[in-house]
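Shown next, in structure tokens, is the structure this report addresses.
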Number of protein chains: 2
Amino acid sequence: MEQRVRVHCISVSREGIGAGRAQSFEQPFGHAVDPGQLFSWAGATASWPNRVDAGGTRGVEDRITRDFSHNIGAEIMGRNKFGPQRGPWQDHEWQGWWGDQPPFHTPVFVLTHHERPSFTLSDTTFHFVDLSPQDAVEKAKAAAEGRDVRIGGGVTTLREFIEADLVDEMHVAVVPIELGDGLRLWNSPEDLTDRYHLERITAPSGVEHHFFWRR
Amino acid sequence: MEQRVRVHCISVSREGIGAGRAQSFEQPFGHAVDPGQLFSWAGATASWPNRVDAGGTRGVEDRITRDFSHNIGAEIMGRNKFGPQRGPWQDHEWQGWWGDQPPFHTPVFVLTHHERPSFTLSDTTFHFVDLSPQDAVEKAKAAAEGRDVRIGGGVTTLREFIEADLVDEMHVAVVPIELGDGLRLWNSPEDLTDRYHLERITAPSGVEHHFFWRR
């Protein structure tokens with residue numbers, strides 16, 4: 001089976017904004033963006049990887065979150081998804097937002113211009129790499145042992161991979177809120193329909209789910 | 001993780017009919033039912049287990065067909081899904097509809113009152129068992145080695161498992177066609193909402209997907 005590059009559960013506002021300015025420890029998604037608002041549709045499902053208790057819905061949005069890890073062998077993420085630091089790594093105490101049991105369960109490649117040794121938490125190993133999108137995909141595919149590669153975001157990183165034409169399929173949740181300004185995934189999902197099929201459905205939560213796959 | 005009993009991709013007409021009368025080799029779903037009509041939504045997707053070529057859609061209905069095999073360790077099916085024969089097995093040449101590579105990839109328990117030895121095709125082993133729904137689920141859970149059990153249908157078999165309160169979650173596709181008469185899954189999906197949450201979405205195909213999970 002051909003290895004695919006997939007995007008899952010990226011959530012943006014109606015204007016296509018996925019994060020605010022001025023990311024910080026207190027505001028992982030930047031100013032004016034409450035991750036609870038952007039991700040409440042996913043957090044409500046039984047299969048959301050960050051869920052800590054039993055329960056949760058098992059409707060259409062659960063089919064979407066179930067697929068997050070299905071046949072994924074590696075993730076690539078931007079440095080700003082990994083943490084709020086900028087510039088050279090001051091210390092190695094920061095190990096991401098996710099505690100001792102990160103929800104990835106595969107190698108994760110963090111894109112950064114600054115060197116840092118790899119480390120492992122539970123069954124997730126974080127590698128820090130200074131690579132172009134093309135080279136990062138090549139490295140992640142090798143690590144994925146035949147399975148697919150997920151581009152984990154944030155939106156700036158994802159835009160680079162879309163612009164380099166490296167994404168085979170993509171799920172984006174458009175949440176019915178407006179954020180005013182911040183980091184944009186797109187001006188309009190229609191921007192991508194020259195290269196991708198686009199299917200949309202609105203879930204009972206009010207979130208409009210966008211599915212893209214290559215033409 | 002608790003083992004669950006799941007139902008996936010059962011397709012019925014607007015009246016809840018999943019098969020016609022008088023099943024035969026020529027008409028696996030009985031009179032007046034063209035399986036192409038009931039399953040065209042699924043056959044269009046990239047992940048449909050019976051797909052033989054590359055291609056196919058990767059929208060919301062593909063998320064549904066992707067989940068068909070995900071974490072499933074055994075299937076239970078009625079005899080009439082396995083083949084058109086009735087009564088004692090006349091010979092053992094009939095090995096199901098699916099050729100040398102059945103799309104199950106797990107043990108499959110075929111409910112029948114008539115003895116027949118197990119056999120294996122590729123990575124699917126068919127066992128023939130004369131068991132109540134309860135006992136069949138117990139046996140299938142043991143064979144599934146911690147994974148979930150799928151009730152594969154047909155609709156008569158599925159009704160028995162629903163009536164015995166053995167189904168934890170269920171996906172049913174209601175296709176916008178009318179069949180007049182045949183084997184019914186239900187009079188109305190509302191019949192089940194005393195025991196199940198119900199979420200519905202209509203896909204661009206026109207099919208209304210019903211997701212049930214226990215209250």
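Just so it is clear: chains get the letters A, B, ... in the order the sequence lines come, proteins before strands, and each one is counted from 1. Just the heavy atoms: all of them, side chains too, but no hydrogens, waters or symmetry mates, feed the values below.
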Nearest atoms (heavy-atom pairs only) where A:Ile201 meets B:Ala203:
CG2-CA, 4.5 Å

Ranking B:Ile64, B:Leu198, B:Val60 by heavy-atom pairs under 4.5 Å to chain A gives rank one to B:Val60

At a cut-off of 3.5 Å, what donor and acceptor atoms pair up between chain A and chain B?
{"residue": "A:Arg58", "atom": "NH1", "partner": "B:Glu169", "partner atom": "OE1", "Å": "3.4"}
{"residue": "A:Val60", "atom": "N", "partner": "B:Glu199", "partner atom": "OE2", "Å": "2.9"}
{"residue": "A:Arg63", "atom": "NE", "partner": "B:Asp67", "partner atom": "OD2", "Å": "3.4"}
{"residue": "A:Arg66", "atom": "NH1", "partner": "B:Asp67", "partner atom": "OD2", "Å": "2.5"}
{"residue": "A:Arg66", "atom": "NH1", "partner": "B:Glu169", "partner atom": "OE2", "Å": "3.1"}
{"residue": "A:Arg66", "atom": "NH2", "partner": "B:Glu169", "partner atom": "OE1", "Å": "3.1"}
{"residue": "A:Arg66", "atom": "NH2", "partner": "B:Glu169", "partner atom": "OE2", "Å": "2.9"}
{"residue": "A:Asp67", "atom": "OD2", "partner": "B:Arg63", "partner atom": "NE", "Å": "3.4"}
{"residue": "A:Asp67", "atom": "OD2", "partner": "B:Arg66", "partner atom": "NH1", "Å": "2.5"}
{"residue": "A:Glu169", "atom": "OE1", "partner": "B:Arg58", "partner atom": "NH1", "Å": "3.4"}
{"residue": "A:Glu169", "atom": "OE1", "partner": "B:Arg66", "partner atom": "NH2", "Å": "3.1"}
{"residue": "A:Glu169", "atom": "OE2", "partner": "B:Arg66", "partner atom": "NH1", "Å": "3.1"}
{"residue": "A:Glu169", "atom": "OE2", "partner": "B:Arg66", "partner atom": "NH2", "Å": "2.8"}
{"residue": "A:Glu199", "atom": "OE2", "partner": "B:Val60", "partner atom": "N", "Å": "2.9"}

